[in-house]
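Atoms within a ligand are numbered from 1 in the order they appear, just like the ligands themselves.
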Amino acid sequence: MWPLPEPALDARAVYATCISKTRPAKVKARLRQLEDTVAAAADEYEKAAATASLHNLKHLEDQPDGNDMSKGDNKKLTGCYTSRMARNGSAGREIYNQLIKSARRGRCPLCGHGFADTIDHQLPKIAYPLLAVTPANLVPACLPCNKAKGEAVPATAEEQTLHPYFDDVTDYVWLAARLTAPPEPGVTFFVDPHPDWSPTLTARVQRHFTTYKLARLYAAQVGTELAALNDYLRGKPYRAILDEIQARATSYGTRNSWQAALYRALAASPWYVKSGYLNEWDD
Ligand SMILES: [Zn+2]
């Protein structure tokens, strides 16, 4: 939703680094044998992600063991992430840190709000062990976003949430808000899709929005903002209030942030400008 450049990391080299300190030697030898398979899966992943078709990677699901995790390769591969990349002091930890740092100003690219202090697997490692340490599959994310998606696997093109490395919908103002009047004044956030978006892209943006519960996340931020704004506006004449809100809306420009959407909605509401700001808004 908030795009990031794809990490400039070679998938094979990352895998080799992660497994470099593996003990016992028998496990390391097996992981080395899997290197070509892992590199090939990473290549397929990048091509699929670039064409918004990660749902077409079903043949990589539960590989190389098939459905039987007890065979061990799948556990060794998911362990490459948990023990050999995410763990402090592990061979791949520097790469993990580098991926976390790639989040702009530390913000989660999935919601644009939380702190990106975890790594989310765009395709979950439990279903796709071969992609457990594939850099293009590792996205810095806040913990709530990471948990919200969980182990979900897209079954169709429409079920794919947006991928920060491959999808960019920032060239259009799609995040919108509407005000509700008393008895329960409030703000509801929603996706206002571009009329030229394909039905698939529209469905994906909606999917992203609901998967990460963005309407609830943004609505929860509004109370404090409005309490301060309403205090500030109290006693001012209508024209001054309208100018103030319009100036704030303009200052946020065409961003898809909850603040920008909020001020656009306020500026477009004669009710709010006239008297709505006098209501009690939760803070
Ligand atoms: Zn987030």
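Of all non-hydrogen atoms in H55 and Q160, the two that sit nearest each other are ND1-NE2, 3.6 Å.
With the Zn ion (ligand 1) as the vertex, SG of C145 and SG of C142 span 100° to the nearest 10°. Between the SG atom of C111 and the SG atom of C108, the angle taken at the Zn ion (ligand 1) works out to 110° after rounding to 10°.
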(request) Start with the C-alpha distance between D36 and R12, add both sets of side-chain angles, then the distance that settles salt bridge (Lys or Arg N to Asp or Glu O under 4.0 Å), and finish with yes or no. (result) CA-CA 8 Å; D36 284 345; R12 181 187 289 271; 2.9 Å; yes
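Between Y81 and H121, a ring centre-to-centre spacing shorter than 6.0 Å is recorded.
Distance check for H113 against the Zn ion (ligand 1): none of its N/O/S atoms falls below 2.8 Å.
Both the sub-6.0 Å distance and the 45° axial angle are satisfied by R178 relative to the ring of F190.
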